[in-house]
2 protein chains.
Amino acid sequence: MKITIRSVAEEAGVSIGTVSKVINDSGKISEKTRKKVFQAMQKLNYKPDAAAASLRGKRTKLIGLLVPDISNPFYAGIARSIEDRSHEVGLNVMLCSTDNNTEKEKNYLALLTSQRVDGLVVASAFRSTVLLQETIEQGIPSVLIASEIPQLSINTVTVDDYKGGYLATSHLLDLGHKDIAIIYENVRSNEPRLAAYRDSLREAGIDVNPEYIMKTEATILKGYECAKKLLLLEEKPTAIFACNDLLAAGVIQAAKELELDLPRELSVVGFDNTVLSTTTAPMLTTVSQPIKQMGAKVVNLLLQEMEESKGYKERLLMAPELIVRQSTASV
Amino acid sequence: MKITIRSVAEEAGVSIGTVSKVINDSGKISEKTRKKVFQAMQKLNYKPDAAAASLRGKRTKLIGLLVPDISNPFYAGIARSIEDRSHEVGLNVMLCSTDNNTEKEKNYLALLTSQRVDGLVVASAFRSTVLLQETIEQGIPSVLIASEIPQLSINTVTVDDYKGGYLATSHLLDLGHKDIAIIYENVRSNEPRLAAYRDSLREAGIDVNPEYIMKTEATILKGYECAKKLLLLEEKPTAIFACNDLLAAGVIQAAKELELDLPRELSVVGFDNTVLSTTTAPMLTTVSQPIKQMGAKVVNLLLQEMEESKGYKERLLMAPELIVRQSTASV
DNA sequence: CTGAAAGCGCTAACAG
DNA sequence: CTGTTAGCGCTTTCAG
């Protein structure tokens, strides 16, 4: 037998309305009946049906999390921090790995809409902006994390990517490097990093060599392949700025295979400060994002948006930090 | 205005019953009305309310995934494979990181129960077995992955941990090592690994040195700390079997700090074959689990259980594989 | 303070 | 083939 609010009401000898009130702590209930009801719930091991409640207009307490790939350590970290904060405030996270694939993004959005999620936090790229725009227009509170979509008016939490790119590049410059290459991913967050790379070089009076700029996907293998090409160039770079740690790990693999002495013959800096950055040898100099805070912030923002949509949107730029380890040295 | 099944019915000029039938592809509907209804749904951008449907006895299409920590690369991989298979069959995953903490496990279980999830896949330890037992008794189909609870009659998918431990230890033995230490985690899956370690040594006529057996938690730092102790022993081991890659990464760090030449002066083997195993230097020899298949299997098992509970339970032991890289060498 | 009753959006008989 | 209707478990007025 299923046990419902009715079973509890019978057990406690009150009406279902009363039970509902004690569950939701609404209305006025005498201490005595409250106790009776609690006992009945306890005894029957009653768990309110969230679906039924949401049908009557209550929140579902569900939020959707769209990331490119949960098995990417950076997004796993993001997911963890979002999950922690969410559960603190009684929200449940539905996980979706999209591979930044428009088709998957679309499917997940449909699924999440059907589940009537209370909100969305998206780290997925949404190259097809309209998709996201539509769901936002349907009134689903949404927040972006670690990605930006300038065309959309939406709350956003990112690290200051330009600053991060600047930190990385100028660290290399300070070390005396002039031949600095960059490997970046085709996602929006990497654009400011690239721009900062360009600006820093220019500032230092160095012409940027187009051969030193490579665009690819965020995997170790791709990082390896790009680095191979770079290091086989006539005039090979003395430093590589990899726009995430996965890429950087690949760069290190390639350098080792070519028997370069790191960091003496090649400096490498990464981005994200994931677990990987302490396991590589040499350990990776990288730009860290305050993942913990970003996750908490993004959930708070979502909560705010769920309560009452303020007229304006916020765009939070968290401060990145350069973590100097052993993969960088002066030329 | 909210758009419901009623709006669609009006738009299409049919009854809500008819609309329901075309949505669920049940009953007999003429091609013509089906088309009309589809058009109406399209036009209004209608998404059925999953909560309402579940209230009427349909599945919620929600499953809960309980892992110790999603930011641990091994569990992130597991999560990804489960997620992929789930979405293939129209299931949505609710993510919960428990830290193997009984209190959190309890909260999540309550949350998931309230959401009326169709099933549970658990990789979390559940040191307090009753907790899980209760929810299973409430009839929620559940499956275990990468963990076991012998007291519970429950479908289980794990790698053959004993075999894995055997593979790792005998590889070391074959290389001529006699002083082999082990660092393991206090979770059930590690017990067979430890047992295999013991048995293999005994088989080889080697007394197991109790000082060489260390129990700890699965983090790089703990691996580092244990290895430090091991390597500072009077008679230090020439090889260490770390029961997961995180631990192994820590061991490598410690060895480097002590300026040991790897693998000449110390062989290390890990377990799980996560991303970490290719980023360490030397690259890690490790035991791989077929994560992709395990995730798919576990979802299939859950599906089966959801359809109709067969009287018996399955316990799948997948074959582990030793991946020899550069962290092991003969003494 | 407590109970009765209406109805959320949908599915599943059952009638026609 | 299609429409009508009775709830699913819960929240929320509104009376008492």
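First the proteins, then the strands, lettered A, B, ... as listed; each starts at 1.
- The shortest heavy-atom contact between B:L302 and B:L120 is CD1-O, 3.8 Å.
- Atom NZ in B:K28 sits roughly 16 Å away from atom P in C:dA13 (whole-Å rounding).
- In summary, the side chains of B:N186 and B:E217 do not present any donor paired with an acceptor at a separation below 3.5 Å, with no hydrogens or angles considered.
- Summarising the geometry of B:I149 relative to B:A125, their closest heavy-atom pair is CD1-O, 4.0 Å, with the distance given to 0.1 Å.
- Counting 5' to 3', DNA chain D first comes under 4.0 angstrom of a heavy atom of chain B and last does so at the ends given by D:dC1 to D:dG9.
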Worksheet item: Hey, mind stepping through B:E88 and B:R85 against salt bridge (Lys or Arg N to Asp or Glu O under 4.0 Å) and telling me if it holds?
Response: CA-CA 5 Å; B:E88 269 176 29; B:R85 179 63 184 144; 2.6 Å; yes
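- Taking all atoms of both residues into account, the shortest heavy-atom contact from A:D99 to A:K104 is OD2-NZ, 2.7 Å.
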Practice prompt. Step by step, work out the side chain to side chain contact (heavy atoms under 4.5 Å, CB included) result for B:M94 and A:L62.
Written response: CA-CA 9 Å; B:M94 305 198 24; A:L62 255 32; 4.2 Å; yes
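- A heavy-atom distance below 4.0 Å to DNA chain C is reached by these residues of residues 6-21 of chain B, ordered by number: B:I16, B:G17, B:S20, B:K21.
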Item to complete: Could you walk me through whether B:D25 and B:R34 pass the salt bridge (Lys or Arg N to Asp or Glu O under 4.0 Å) test, one step at a time?
Response: CA-CA 10 Å; B:D25 207 16; B:R34 182 193 306 284; 3.5 Å; yes
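- Considering every non-hydrogen atom in both B:Y46 and B:I5, the closest pair reads CE1-N, 3.6 Å.
- In summary, B:D161 and B:R188 do not engage in a salt bridge, as defined by a charged side-chain N under 4.0 Å from a carboxylate O.
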Worksheet item: Can you check side chain to side chain contact (heavy atoms under 4.5 Å, CB included) on A:T156 and A:R315, steps first, answer last?
Response: CA-CA 5 Å; A:T156 304; A:R315 193 153 158 272; 4.0 Å; yes
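- When every heavy atom of B:P48 is checked against every heavy atom of B:I23, the shortest pair comes out as CG-CG2, 4.4 Å.
- The nearest pair of heavy atoms linking B:L44 to B:I3 is O-CD1, 3.2 Å.
- Within residues 33-61 of chain B, the residues approaching DNA chain D are B:T33, B:L55, B:R56, by heavy-atom distance under 4.0 Å.
- For DNA chain C, no neighbouring residue in residues 106-119 of chain B is found when judged by any heavy atom under 4.0 Å.
- Note on the helix from C:dC1-D:dG16 to C:dG16-D:dC1: terminal axis deviation equals 40°, with five pairs used at each end and the result rounded to 10°.
- In this structure, B:R127 does not pair ionically with B:E105, as no charged nitrogen and carboxylate oxygen lie closer than 4.0 Å.
- Under the ring pair (Phe, Tyr, Trp, His ring centres under 6.0 Å) criterion, A:Y108 pairs with B:H87, sequence neighbours left out.
- For A:K106, the NZ atom is loosely surrounded, since the number of other residues' heavy atoms within 6.0 Å does not exceed 12.
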